[in-house]
Trainee: 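One structure coming up, written as structure tokens, with questions to follow.
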Amino acid sequence: MHTDTSSASRLRHDPLVRGLGWASALLGVPQVVAPAGFARALGVGDAFRHRSATTAVGVRELAAATGLLGRPHPAWLWGRVGGDLMDLTMLTRALKNHDGRGLGRTVAATAAVTAITATDVYAAVTRTRRSTPMELTAATTVTQPPDEVYALWRDLERLPDFMAHLDEVRVTGPRTSHWRVGAPFGEAVEWDAETTQEVAGRLIAWRSVDGADIDNSGEVRFEPAPGGRGTEIRVTLRYDLPGGALGKAVARYFGEEPHQQLDDDLRRFKQIAETGEVVRSEGAPGGKRARGEFPQHPARPLTEDELKEALA
């Protein structure tokens, strides 16, 4: 599992987390140093209660800045979300009881805090290291002998040829490699992996090392198919899907449902092993563009929903 140290290191170099940290600092300093002027700039006046509330918010912002820039942790992001909700409550009350002077500035401040709240919620949800352990299995039969099928899979840098969501695999040592995989929202996740077990022509097993964006492990078995019909490939993948139920929903929405990924990847591998290439029509995209195509399935007319999606 991820350690607190690796998580903090990852957040420390996260542009969004650092940006929010500096935003807290830039907001907190004037609120603490000149609370009356800051309150007037918001259009709420400089009465004692307004100055006191502004100072308290400034202290909270500086605390968040110290945490996000010094020892980043998702708790600081959720703290910002809680603070945003408090700010919106105070601004809403101010709008309700407003005397009309500086009303436009208060409305603008409320709109700005609403936008900041949305950003903070997104950052807190996506940077919280919740996860759901998953295990995927899939199998296919290839009409080639086990040694040849094993050798093709063992050439790790060729894996992106049939794994459409895989951007790159780079061999870094006799038993180590670096992986980069496409993810929702146009992002990518990366990890270093090590081979934990290998039996030529029969088995390849691996696991990610500490510091991976997604903890994962798995194995591929190559077994002679009954009747000498080639090779049965059995794949098992285990990993922690980020974001729990939210991560699953987002993955499905963006067409990256993991079970479908694995089935599609094996179909493409079978095509490469048997024909030397992934078979597709002239109009079908290749390489990374294949991520946008419908999941592979035996030839049939598009369903009504698929047709609507294609026309859209």
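Numbers here simply count residues along the sequence, with the first being 1.
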Trainee: CG/Leu166 to CZ/Arg180 distance, rounded to the nearest 0.5 angstrom?
Mentor: 9.0 Å
Trainee: Can you check side-chain contact (heavy atoms from CB on, under 4.5 Å) on Tyr122 and Leu77, steps first, answer last?
Mentor: CA-CA 10 Å; Tyr122 170 79; Leu77 296 171; over 6 Å; no
Trainee: Using modelled atom types and a 3.5 Å cut-off, is there a donor and acceptor pairing between side-chain atoms of Thr119 and backbone atoms of Ala115?
Mentor: yes
Trainee: To the nearest 0.5 Å, what is the distance between CG on Asp210 and CG on Asp215?
Mentor: 8.0 Å
Trainee: Step by step, would you call Arg60 with Asp87 a side-chain contact (heavy atoms from CB on, under 4.5 Å)?
Mentor: CA-CA 11 Å; Arg60 188 197 72 215; Asp87 296 346; 2.8 Å; yes
Trainee: Any heavy-atom pair between the side chains of Thr92 and Lys96 that's under 4.5 Å?
Mentor: no
Trainee: Do Gln261 and Asp265 get their side chains close enough for a donor-acceptor pair, meaning under 3.5 Å?
Mentor: no
Trainee: Can you tell me how far OG1 of Thr110 sits from CG of Leu88, rounded to the nearest 0.5 angstrom?
Mentor: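 So the CG of Leu88 and the OG1 of Thr110 are separated by 7.0 Å.
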Trainee: Could you tell me the separation between the CH2 atom of Trp76 and the CG atom of Leu20, rounded to the nearest 0.5 Å?
Mentor: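 Interatomic distance, Trp76 CH2 to Leu20 CG, rounded to 0.5 Å: 14.0 Å.
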Trainee: Could you measure the distance from the CD1 atom of Ile272 to the CD atom of Glu274? Nearest 0.5 Å is fine.
Mentor: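 Ile272 CD1 to Glu274 CD: 11.5 Å, rounded to 0.5 Å.
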Trainee: What do you reckon, are the aromatic ring centroids of Trp153 and Phe162 less than 6.0 Å apart?
Mentor: yes
Trainee: Please find the pair of heavy atoms, one from Leu262 and one from Thr137, that lie closest to each other, and give the distance.
Mentor: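 Smallest interatomic distance, heavy atoms only, reads CD2-C, 4.0 Å.
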Trainee: May I ask you to test the Glu277-Gln271 pair for a side-chain heavy-atom distance under 4.5 Å?
Mentor: no
Trainee: Using distance alone, with no hydrogens and no angle criterion, decide if Glu194 and Thr176 have a side-chain donor and acceptor under 3.5 Å apart.
Mentor: no
Trainee: Can you find a pair of side-chain heavy atoms, one from Phe222 and one from Arg202, that are under 4.5 Å apart?
Mentor: no
Trainee: Indicate the atoms forming the closest heavy-atom contact of Val32 with Val59, along with that distance.
Mentor: CG2-N, 3.7 Å
Trainee: With a 3.5 Å cut-off and no angle check, do the side chains of Ser24 and Arg80 form a donor-acceptor pair?
Mentor: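 Present: a donor and an acceptor within the cut-off.
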Trainee: Do the charged groups of Arg170 and Glu157 touch, with an N to O distance under 4.0 Å?
Mentor: no
Trainee: Examine Leu266 and Ile204 and state if one hydrophobic cluster contains both, with Ile, Leu, Val, Met, Phe, Trp and Tyr joined whenever side-chain heavy atoms are less than 4.5 Å apart.
Mentor: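 Leu266 clusters together with Ile204.
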Trainee: Which heavy-atom pair separates Arg268 from Ala164 by the least distance, and what is that distance?
Mentor: NH2-CB, 3.5 Å
Trainee: Can any side-chain N or O of Ser208 pair as donor or acceptor with the backbone N or O of Trp191 at less than 3.5 Å?
Mentor: no
Trainee: Does the side chain of Glu198 come under 3.5 Å of the side chain of Tyr150 through a donor N or O and an acceptor N or O?
Mentor: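 Tyr150 and Glu198 do have a side-chain donor-acceptor pair below 3.5 Å.
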Trainee: Can you get from Ile116 to Val57 by hopping between Ile, Leu, Val, Met, Phe, Trp and Tyr side chains that sit under 4.5 Å apart?
Mentor: no
Trainee: State whether the side chain of Lys270 and the backbone N or O of Thr140 hold a donor-acceptor pair below 3.5 Å, judged by distance alone.
Mentor: no
Trainee: Has the side chain of Arg158 got a donor or acceptor atom that lies under 3.5 Å from a matching backbone atom of Asp155?
Mentor: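 Not at all, since once roles are kept as given, no pair shorter than 3.5 Å links the two residues.
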Trainee: Any salt bridge between Arg154 and Asp147, counting N to O under 4.0 Å?
Mentor: no
Trainee: Would a distance-only check, ignoring hydrogens and angles, find a side-chain to backbone donor-acceptor pair under 3.5 Å from His13 to Arg18?
Mentor: no
Trainee: Determine yes or no for a side-chain-to-main-chain donor-acceptor pair under 3.5 angstrom, with Arg238 supplying the side chain and Asn216 the backbone.
Mentor: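 No; zero donor-acceptor contacts below 3.5 Å.
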Trainee: Does any N or O in the side chain of Arg12 come within less than 3.5 Å of the main-chain N or O of Gly70, such that one atom is a donor and the other an acceptor?
Mentor: yes
Trainee: Are Leu69 and Trp78 connected into the same hydrophobic cluster when the rule is that any two of I, L, V, M, F, W, Y join if their side-chain heavy atoms are below 4.5 Å apart?
Mentor: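 Result: no, two separate clusters.
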Trainee: Search all heavy atoms of Asp84 against all heavy atoms of Val113 and return the closest pair with its distance.
Mentor: O-CG1, 4.1 Å
Trainee: Taking C-beta and beyond as the side chain, do Glu219 and Leu203 meet within less than 4.5 Å on heavy atoms?
Mentor: yes
Trainee: Would you name the heavy atoms of Ala273 and Gln144 that are closest together and state the gap between them?
Mentor: O-CG, 3.5 Å
Trainee: With the side chain counted from C-beta on, respond yes when Thr236 and Leu136 share a heavy-atom pair under 4.5 Å apart, and no when they do not.
Mentor: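 Result no, sub-4.5 Å side-chain heavy-atom pair not found.
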Trainee: So, do Val149 and Ile233 sit near enough that their side-chain heavy atoms are less than 4.5 Å apart?
Mentor: yes
Trainee: What is the distance from atom CG of Leu62 to atom CD of Gln31, rounded to the nearest 0.5 Å?
Mentor: 8.0 Å
Trainee: Apply the test side-chain contact (heavy atoms from CB on, under 4.5 Å) to residues Val121 and Thr117: give CA-CA distance (whole Å), side-chain angles for both, the deciding distance (0.1 Å), then the verdict.
Mentor: CA-CA 6 Å; Val121 169; Thr117 302; 4.3 Å; yes
Trainee: Answer yes or no: is there a side-chain heavy-atom contact under 4.5 Å between Val171 and His178?
Mentor: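 Heavy-atom side-chain distance check fails, nothing below 4.5 Å.
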Trainee: Taking the side chain as every heavy atom from C-beta outward, state whether Arg40 and Arg105 have any atom pair closer than 4.5 Å.
Mentor: no
Trainee: Give me the atom names and distance for the closest heavy-atom approach of Met90 to Ala53.
Mentor: SD-CB, 4.1 Å
